[in-house]
Structure formats: C-alpha cells, structure tokens
Amino acid sequence: MTVSAWTDDRVGRLKTLWIEGRSAAEIARDLDHGLTRSAVLGKVHRLGLSAGRPPASRSARAATGPAARRSSPAKAVPPPRPETLARSAMDAPSHGTATILSVRRQDCRWPYGDPGDLGFALCGRRVARGAFCAAHAEIGYRPLRQTAEGLRALAGLA
DNA sequence: CCCTGATTCGC
DNA sequence: GCGAATCAGG
C-alpha cells in the first residue's frame, strides 16, 4: 500500500507551520518522514500557499531562473498583496507589565524603554513563540514582512 | 558555504 | 500529485 506521504494530518501541519512563517526545511524536519524541503516546497505550491504568503525575506524573484531561462509560459504573477501590517502586531501593548525580576518563562520578554531607565519594562504577555507573545514574535523573528512598519506602528508613530 | 523560497519537469 | 534538481538570491 503506497500511501501518499501527504496525509491529511501532515498537510494540516504543513499549512499551519507554513503560515506561521517556518521555513520549508524546518517544516520538513518537523513533519519527519523522509520529506525534504523540496518536497515541502512542492506541496506548498501545489496547495497554493505560496501565492501571497510570507515572502520570508527573499525579494520577489519575478522572473529569473529556470523559468525564464527555459521557456516561461507567462507564469502566474503574484498580483495583489493586500496585507499592509501584521494584524497581531497591532495588538501589541503600548508598554510592558513585567520586569526583569518578575518575568517568568511564559512571559513575553519584549522590552519597553531603556533598560537603564526606571520605567523599563518587559511586555509580559503570554509567550506564543520563543521568547515573545504572538504580536512581538511577529516583529522580532525574521520571517516578517513589514518589520520596519511594524515597529513604527508599535512606536505609535506614523 | 550556509541558508531561503521558486520553478520546472520526469516520474 | 510528487519531489529532485536547479535556479536566484541573502
């Protein structure tokens, strides 16, 4: 019985992880099975997840590569990119509630203010990923699109 | 050189 | 549908 490597379970996890911004290689490792990052990428594309998802950091590679080099049958060009700011980034608190002494493992460590300042604080919301809450993780961890804009919004500036 | 995603194409 | 190979790029 040759069962497809892509069981509903794995596809589900793939979607989740991909949307979270995990890299293809990382997902391949997480899903286990002999899956390679190529397999993951291939599946991602077949699922149409890469269309408008996380550009990670690579600049949109428009048309250079095997495609352009070989034939390039006018491939689908990613048209709309509506998202302007990570939603959860907007949910970030305007100041912290934890301190260096009170912060626990499950408290977001995103810093507010100058560490040498009396009012220095850490975010303190529940950790979602790594050391940060969901909103701050989006800003602090690489696979973010508009990092600069996110920080700007967070700072309350325009 | 490590890594990233993107694309193609034989299977 | 699948994924290795290959690509451009950081």
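Within every chain, numbering begins at 1; the chains are lettered A, B, ... in the order of the sequence lines, protein sequences first and strands thereafter.
- Between D117(A) and Y112(A) there is no side-chain heavy-atom pair separated by less than 4.5 Å.
- In this structure, CZ of R46(A) is placed 14 Å from P of dT7(B), rounded to the nearest angstrom.
- Counting to the nearest Å, the P atom of dC3(B) and the CD1 atom of I27(A) are 16 Å from each other.
- With rounding to whole Å, W6(A) atom CH2 is found 10 Å from dG3(C) atom C1'.
- Each of R37(A) and A5(A) was assigned the nucleotide of DNA chain C with the nearest heavy atom; the assignment lying further toward the 5' end belongs to A5(A).
- Closest contact between the side chain of T36(A) and the listed nucleotides dT7(B), dG5(B), dA4(C) involves dA4(C).
- Distance L47(A) CG to dC2(C) P: 8 Å, rounded to the nearest Å.
- Remark: W6(A) CH2 to D8(A) CG distance equals 12.0 Å, nearest 0.5 Å.
- Dashed line: the shortest gap from a side-chain N or O of W18(A) to OP1 or OP2 of dG5(B) is not under 4.0 Å.
- Taking 4.0 angstrom as the limit, K43(A) places none of its side-chain polar atoms (N or O) nearer than this to OP1 or OP2 of dG1(C).
- The CH2 atom of W18(A) sits 11.0 Å away from the CD atom of E26(A) when rounded to the nearest 0.5 Å.
- For L41(A) and dT6(C), the CG to C1' distance is 12 Å, given to the nearest whole Å.
- Between R10(A) and L35(A), the closest side-chain pair of non-hydrogen atoms falls below 4.5 Å.
- Applying the 4.0 Å criterion to OP1 and OP2 of dT4(B), one finds that S23(A) has a side-chain N or O inside that range.
- Here the C1' atom of nucleotide dG5(B) and the CD atom of E26(A) are 14 Å apart, to the nearest Å.
- Following rounding to the nearest Å, H45(A) (NE2) and dT4(B) (P) show an atom-to-atom distance of 14 Å.
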